[in-house]
Amino acid sequence: MSRPKPVYIEDLKHHVGQEVEIRGWLYNKRSSGKIHFLIVRDGSGFVQGVVLKNQVPEEVFDLYDELTLESSVILRGVVREEPRAPGGYELQVTDVQLVHQAKDYPITKKEHGIGFLLPRRHLWLRSRKQWALMRIRSELEKAIADFFEDRKFVRIDAPILTPAAVEGTTTLFETDYFGEKAYLSQSGQLYMEAAAMAHGKVYCFGPTFRAEKSKTRRHLMEFWMVEPEVAYATLEDIMDLAEDFVVYLVERILERRREELKILERDTSKLEKVKKPFPRIYYSEAVNIIQAAGLPFKPGEDFGGDEETVISESFEKPVMVHHYPARIKAFYMKRDPKEPDLSLSVDMLAPEGYGEIIGGGQREDDYETLVQRIREYNLPLESYEWYLDLRRYGSVPHAGFGLGLERTIAWIAGVRHVREAIPFPRLLEKIYP
RNA sequence: UCCCCGGUAGCUCAAUCGGCAGAGCGGCGGGCUGUUAACCCGUAGGUUGCAGGUUCGAGUCCUGCCCGGGGAGCCA
């Protein structure tokens with residue numbers, strides 16, 4: 001007996017009428033007595049196998065009882081187009097092989113609470129929605145690389161172990177580095193500024209770490225960030241780039257991950273509206289929106305979750321808020337020469353209340369001013385000697401931004417909490433599995 | 001660190017005014033040739049988070065503790 005060719009479920013449409021082999025895991029099963037339905041997943045998709053009592057040997061038909069959820073199985077059968085089957089194709093099963101029997105798989109088809117699922121993240125990843133989310137994440141990572149490659153950016157990997165803080169040490173994970181203190185990176189930006197002076201247009205993409213005691217749906221202790229930095233760029237230039245970037249990412253997912261969005265029950269009409277141009281408003285205009293909505297807010301302060309929600313819900317597209325008060329932004333942010341109390345900064349807020357996905361702006365490029373800022377912010381000048389070198393030797397105007405990957409995924413995929421946007425989330429005081 | 005909510009069967013939850021601790025799913029046994037988180041019949045399954053208090057009587061009220069979730073601050 002010749003063994004049929006192993007194929008992936010996503011390729012079944014090219015094998016209609018042929019006998020194939022699917023190697024995967026049992027996702028679900030149903031039976032009506034003399035007909036069994038086996039829903040199998042193989043990583044590339046889900047397919048229903050139909051086992052008819054009068055068409056397979058008795059021992060194959062009876063194997064149904066041994067096939068517990070998440071057991072690994074090999075199905076052989078003929079591919080058929082079938083409107084009654086989920087996905088449109090099904091397998092007329094000729095043979096079933098049990099590779100390994102899973103005993104009492106804990107995650108069932110019914111609802112579970114987050115407290116039950118998170119400690120079982122290694123298994124939860126197999127569930128349909130989580131599967132869809134990780135495929136969207138993977139596609140976004142590809143889209144990020146493609147976007148910058150198309151625009152001739154050079155990818156520069158920032159270090160993860162760093163000697164000093166970018167914005168103070170209170171929220172850093174500290175570790176020992178041969179007897180000296182070192183910290184896990186909370187941003188690659190300063191290194192990107194150095195790299196931009198070497199390559200003009202650069203970006204980094206990697207994990208960053210914040211030891212903030214944050215316990216909200218928008219926070220992770222370890223998250224991934226994309227940080228482009230462009231020499232000779234202004235605030236305007238970087239807003240244009242951020243806009244193009246986000247439009248590109250949304251388009252890519254709509255184009256290549258529509259099935260996954262459907263599994264997640266995402267309302268794609270809201271994503272279709274994400275086209276240029278995005279509204280750009282001054283911080284002061286954002287304050288007006290907040291006050292018109294009746295929120296108690298002290299102008300000059302940074303926005304909290306409620307304020308961000310009110311602003312972003314005023315628009316159908318991501319909105320860019322720029323010219324924040326300088327005192328609530330980082331030391332390296334350049335001030336507007338016309339209004340020195342305001343910084344050349346921008347935040348992009350995602351619609352539907354998903355909050356800030358981008359933060360960036362133009363950097364201070366004058367040596368004396370930067371030294372003064374470092375002093376004003378009570379930061380150790382000696383740690384920034386190398387950074388100051390960038391202003392000593394051929395300083396130019398430059399700007400950049402950082403985009404939080406998980407918040408972007410949560411928004412595009414329409415999931416409420418960022419913990420589902422990363423394979424193994426690191427949450428406050430939780431590092432298992 | 002602060003604020004709010006919760007902890008009852010393996011899971012998700014219910015239990016009126018303080019009055020016999022229940023359902024669905026999952027498990028197990030049976031039935032069904034087109035199921036879509038299948039359905040139908042039957043069945044097993046409980047230290048109601050822990051400690052104390054009030055009461056004839058506490059899952060329910062009170063005190064303390066533990067654990068979990070959501071949010072604030074901070075940020076992407």
Side-chain angles (χ1 to χ4, degrees), chain A residues 27-39 46-56 61 64-65 68-69 80 82-88 90 92 103-120 127-129 166-168 170-172 186-189 205 207-227 242 263 301-309 324 328-330 346-350 354-360 401-411 416-419 421-422 427-430:
Chain A
Y27 188 70
N28 202 1
K29 65 174 185 178
R30 304 177 198 98
S31 172
S32 299
K34 296 193 180 65
I35 180 168
H36 297 321
F37 299 95
L38 305 174
I39 293 89
F46 298 77
V47 74
Q48 168 171 282
V50 181
V51 193
L52 288 166
K53 190 173 173 64
N54 59 14
Q55 286 185 17
V56 295
F61 190 80
Y64 181 84
D65 295 332
T68 52
L69 292 195
R80 284 200 335 208
E82 171 55 71
R84 287 173 295 186
E90 71 177 19
Q92 188 71 49
K103 297 241 194 311
D104 300 318
Y105 185 71
I107 299 176
T108 68
K109 295 294 118 203
K110 291 283 175 178
E111 331 142 41
H112 293 289
I114 197 67
F116 181 80
L117 290 170
L118 268 183
R120 294 165 181 80
S127 299
R128 207 181 188 95
K129 285 191 177 180
V166 173
E167 301 165 30
T170 50
T171 61
L172 289 177
Q186 62 175 350
S187 165
Q189 184 202 311
F205 184 27
T208 49
F209 308 86
R210 306 268 168 100
E212 290 158 8
K213 299 272 187 199
S214 301
K215 221 175 96 177
T216 83
R217 62 188 172 83
R218 302 191 308 279
H219 286 88
L220 292 166
M221 302 300 107
E222 177 179 321
F223 66 98
W224 283 58
M225 190 153 64
V226 189
E227 294 175 280
I263 289 170
E301 297 298 308
D302 207 351
F303 303 130
D306 290 348
E307 287 84 21
E308 284 185 356
T309 301
Y324 281 78
I328 59 169
K329 287 290 177 184
V346 59
D347 282 1
M348 188 192 289
L349 308 180
Y354 279 95
E356 184 184 347
I357 55 170
I358 281 180
F401 64 80
L403 172 135
L405 181 66
E406 288 75 15
R407 285 186 184 177
T408 305
I409 294 168
W411 162 51
R416 220 45 212 160
H417 202 300
V418 289
R419 66 189 162 208
I422 188 165
L427 297 161
L428 186 60
E429 288 165 12
K430 247 196 289 276

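The structure displayed is predicted, hence computed values, not measured ones. Proteins get letters first, then strands, A, B, ... in listed order; numbering begins at 1 in each.
Taking atom P on both nucleotides, rG42(B) is separated from rC25(B) by 12 Å, rounded to a whole Å. For the P atoms, the distance linking rU16(B) with rA21(B) amounts to 13 Å, nearest Å. Going from the P atom of rU54(B) to that of rC66(B) covers 24 Å, rounded to whole Å. For the C1' atoms, the distance from rC4(B) to rU43(B) is 42 Å, rounded to whole Å. Nucleotides rC40(B) and rA51(B) place their C1' atoms 47 Å apart, quoted to the nearest Å. Nucleotides rC13(B) and rG53(B), compared at atom P, are 32 Å apart to the nearest Å. Rounded to whole Å, the C1' atom of rG71(B) lies 23 Å from the corresponding atom of rC65(B). Rounded to whole Å, the P atom of rU47(B) lies 8 Å from the corresponding atom of rG10(B).
In terms of modelled atom types and a separation under 3.5 Å, the side chain of R407(A) and the main chain of V418(A) share no donor-acceptor contact.
Taking 4.0 angstrom as the limit, K109(A) places none of its side-chain polar atoms (N or O) nearer than this to OP1 or OP2 of rA37(B).
In this structure, the CE atom of M221(A) is 14 Å from the P atom of rA76(B), given to the nearest Å.
The base of rG73(B) is not paired with the side chain of R210(A) by any donor and acceptor separated by under 3.5 Å. Counting distance only, with no hydrogens placed and no angle test, the side-chain atoms of E301(A) and the base atoms of rG73(B) include no donor-acceptor pair under 3.5 Å.
Comparing atom distances between the R84(A) side chain and each of rU35(B), rC75(B), rC32(B) picks out rU35(B) as nearest. The side chain of S31(A) approaches rC32(B) more closely than any other nucleotide in the set rU33(B), rC32(B), rC75(B).
For the pair S32(A) and Y105(A), both in contact range of RNA chain B, the more 5′-proximal nearest nucleotide belongs to Y105(A). Nearer the 5' end of RNA chain B, as judged by each residue's closest nucleotide, is the contact made by L69(A), out of E212(A) and L69(A).
Residues Q189(A) and M225(A) have side chains not in contact (no heavy-atom distance under 4.5 Å, counting atoms from C-beta outward). Side-chain contact check for E307(A) versus D302(A): every heavy-atom pair is 4.5 Å or farther apart. The side-chain heavy atoms of L69(A) and K109(A), taken from C-beta on, include a pair separated by under 4.5 Å.
Between F205(A) and W224(A), the two ring planes are perpendicular [angle over 60°; tilted spans 30° to 60°].
Here rU16(B) sits opposite no nucleotide as a Watson-Crick or G-U wobble pair (both hydrogen-bonding atom distances under 3.5 Å). The partner of rU43(B) is rG27(B), by the rule that a Watson-Crick or G-U pair needs both atom distances under 3.5 Å. Nucleotide rA51(B) has rU63(B) as its partner under the Watson-Crick or G-U criteria, with both atom distances under 3.5 Å. Remark: rG34(B) base-pairs with no nucleotide; criterion is Watson-Crick or G-U wobble with both hydrogen-bond distances under 3.5 Å. Pairing partner, rG68(B): rC5(B), with both Watson-Crick or wobble hydrogen-bond distances short of 3.5 Å.
Residue ring and base: F223(A) counts as stacked with rA76(B) (centre distance below 5.5 Å, interplanar angle below 30°).
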Practice task
Between protein and nucleotides 66-71 of chain B, map the contacts as a letter string: B base, S sugar-phosphate only, - none, heavy atoms under 4.0 Å, written 5' to 3'.
Solution key: --SBBB

Distances under 3.5 Å between nitrogen or oxygen atoms of protein and nucleotides 2-11 of chain B:
from: rC11(B); atom 1: O2'; to: E111(A); atom 2: O; distance (Å): 3.1
from: rC11(B); atom 1: O2'; to: H112(A); atom 2: ND1; distance (Å): 2.7

